Amino acid sequence: MGSSFAFPLSQGTRPARHCKTSFGARDFGGFQDCFFRDRPMDTARIAVVGAGVVGLSTAVCISKLVPQCSVTIISDKFTPDTTSDVAAGMLIPHTYPDTPIHTQKQWFRETFNHLFAIANSAEAGDAGVHLVSGIKGSGGWMLTRRIDDLWELYPSFDIVVNCSGLGSRQLAGDSKIFPVRGQVLQVQAPWVEHFIRDGSGLTYIYPGTSHVTLGGTRQKGDWNLSPDAENSREILSRCCALEPSLHGACNIREKVGLRPYRPGVRLQTELLARDGRRLPVVHHYGHGSGGISVHWGTSLEAARLVSECVHALRTPIPKSKL
């Protein structure tokens, strides 16, 4: 599994509309008419919070599996400014201690089959480590906005999908998720055609379509997003020891990302209640460095949970007989 993959851009389809706003929480409902004025009344309004590989993949899966729904991706950062953009994008199995092995195997198998199909399609030439949003395939909204409380999305949305990664410490009150800082170098070295990785996986050389990624670091609990010069020197030294020709690499760029680590991926539905109001939330986060390896499998499962929520919303509550 030495190949690297990405979502190709869909051709001939309606692109997603991308909005930017700095309005406060109370003003969010004002966009409701703009977003949904053309939707049928029985359309389920779904907000996906987070625009990394997990959030975008979840949005795609929902649009494929859930009928009569409108999907809006909401995030304060979109590509090229997400953690997923820093990742080298290699498909390597990862383990989650709190998740059954058979479930992890299913996620990885579904993700591998999805990416393998892309690699063998007519769009294979456009596929690479750079992730391109597949939400352009069926239309939708992308809204640049910071969310501080999931209740901000009520009542503009019927269902919220939380793919906020590390943001879930605040949005979901989850103290189990923490950052593992990763610093990499992106260099120009077109002669490097094969990946090289040491036994621990800490030092790696991954060629991509536009650059070669050299890594890396695993710094638990470190929230620093600024590149560290000493880290960069160590990374280059370790990678040159594996591949001496990298001494001739040029256009070296430093990149930092915070991996959202958790003992197990959180994939579950929670019904939030406040002052008589109810908001179904599907949590989908905590992939650590394994997001690329299982994103499609876990996104399919998240979409199935969303489908269950939609079904529950559309099912009339039986009246009790006195």
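From a predicted model like this one, the values you see are computed outputs, not experimental measurements.
Atom OG1 of T72 is separated from atom CE of M142 by 10.5 Å, given to the nearest 0.5 angstrom. Taking CG of D149 as the reference point, atom CZ of R274 lies at 5.0 Å (rounded to 0.5 Å). To the nearest 0.5 angstrom, S245 atom OG is 7.5 Å from I205 atom CD1. Atoms CD and CG, on E301 and L65 in that order, are 12.0 Å from each other to the nearest 0.5 Å. Distance check: L300 CG to L305 CG gives 11.0 Å after rounding to the nearest 0.5 Å. Atom-to-atom distance recorded for L246:CG and L214:CG is 5.5 Å, nearest 0.5 angstrom.
Counting heavy atoms from C-beta outward, P260 and Y285 have side chains that stay 4.5 Å or more apart. Side-chain contact check for L185 versus S232: some heavy-atom pair is nearer than 4.5 Å. Side chains of H102 and Q106 form no contact here, defined as non-hydrogen atoms less than 4.5 Å apart. Between R262 and D174 the shortest side-chain heavy-atom distance falls below 4.5 Å. When side chains are defined from C-beta on, N113 does not count as touching E110, because their heavy atoms never get closer than 4.5 Å. By the 4.5 Å heavy-atom criterion applied to side chains, L202 and R238 are counted as neighbours. Using a 4.5 Å cut-off on side-chain heavy atoms (C-beta onward), D275 and W151 make no contact. Counting heavy atoms from C-beta outward, L153 and V49 have side chains that approach closer than 4.5 Å.
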Side chain to side chain contact (heavy atoms under 4.5 Å, CB included) between V310 and C69, worked out: CA-CA 9 Å; V310 171; C69 73; 5.6 Å; no
Please determine whether side chain to side chain contact (heavy atoms under 4.5 Å, CB included) holds for the pair C61 and W296, giving the CA-CA distance in whole Å, both sets of side-chain angles, and the decisive distance to 0.1 Å. CA-CA 8 Å; C61 289; W296 195 253; 3.8 Å; yes
Taking it one step at a time, do T213 and Y204 satisfy side chain to side chain contact (heavy atoms under 4.5 Å, CB included)? CA-CA 8 Å; T213 300; Y204 51 83; 4.3 Å; yes
Test log, rule side chain to side chain contact (heavy atoms under 4.5 Å, CB included), inputs V48 and C163: CA-CA 7 Å; V48 177; C163 301; 4.1 Å; yes
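T58 places a side-chain N or O within 3.5 Å of a backbone atom of V54 that can act as its donor or acceptor partner. Judged by distance alone, with hydrogens and angles left aside, the side-chain atoms of R169 form no donor-acceptor pair with the main-chain N or O of F178 at under 3.5 Å. At least one donor-acceptor pair closer than 3.5 Å links the side chain of T111 to the backbone N or O of G297. Put simply, the side chain of Q186 never gets that close to the backbone of K255: no donor and acceptor are under 3.5 Å apart. A donor-acceptor distance shorter than 3.5 angstrom exists from the side chain of Q188 to the backbone of S210, with no hydrogens or angles considered. A side-chain donor-acceptor contact under 3.5 Å links Q170 to the backbone of D148. T103 contributes no side-chain N or O that, together with a main-chain N or O of T99, makes up a donor-acceptor pair within less than 3.5 Å.
Closest approach of R259 to R181, counting heavy atoms only: NH1-O, 3.4 Å. Between Y261 and S289 the shortest heavy-atom distance is OH-OG, 2.9 Å. What you find for N162 and A172 is that their closest heavy atoms are ND2-CB, 4.1 Å. Closest approach of C309 and T269 over heavy atoms only: SG-CG2, 3.6 Å. Across all non-hydrogen atoms, the minimal contact from V212 to V192 is CG2-CB, 4.2 Å. The two residues L143 and F78 come nearest to each other via the heavy atoms O-CE1, 3.6 Å.
When T217, T203, D228 are each tested for a side chain to side chain contact (heavy atoms under 4.5 Å, CB included) with I235, only one passes: T217.
There is a path of hydrophobic side-chain contacts, each under 4.5 Å, that joins W223 to V256. Each of V184 and I196 belongs to its own hydrophobic cluster when Ile, Leu, Val, Met, Phe, Trp and Tyr are linked at side-chain heavy-atom distances under 4.5 angstrom. Cluster annotation: L171 and V160 are assigned to the same hydrophobic cluster (Ile/Leu/Val/Met/Phe/Trp/Tyr, side-chain heavy-atom contacts under 4.5 Å, transitive). Hydrophobic clustering of Ile, Leu, Val, Met, Phe, Trp and Tyr side chains at less than 4.5 Å, counting indirect connections, keeps L258 apart from V53.
Using a 30° and 60° split on the angle between ring planes, Y206 and F195 fall in the perpendicular class, above 60°. Ring pair H284/H287 is perpendicular by interplanar angle, where above 60° counts as perpendicular and below 30° as parallel.
Between the side chains of H283 and S168, no donor-acceptor pair of N or O atoms lies under 3.5 Å. Using modelled atom types and a 3.5 Å distance limit, the side chains of R278 and Y154 yield no donor-acceptor pair. Of the N and O atoms on the side chains of N231 and Q219, at least one donor lies less than 3.5 Å from an acceptor on the other residue.
Between D98 and K176 there is no salt bridge, since no side-chain N of the basic residue sits under 4.0 Å from a carboxylate O of the acidic one.
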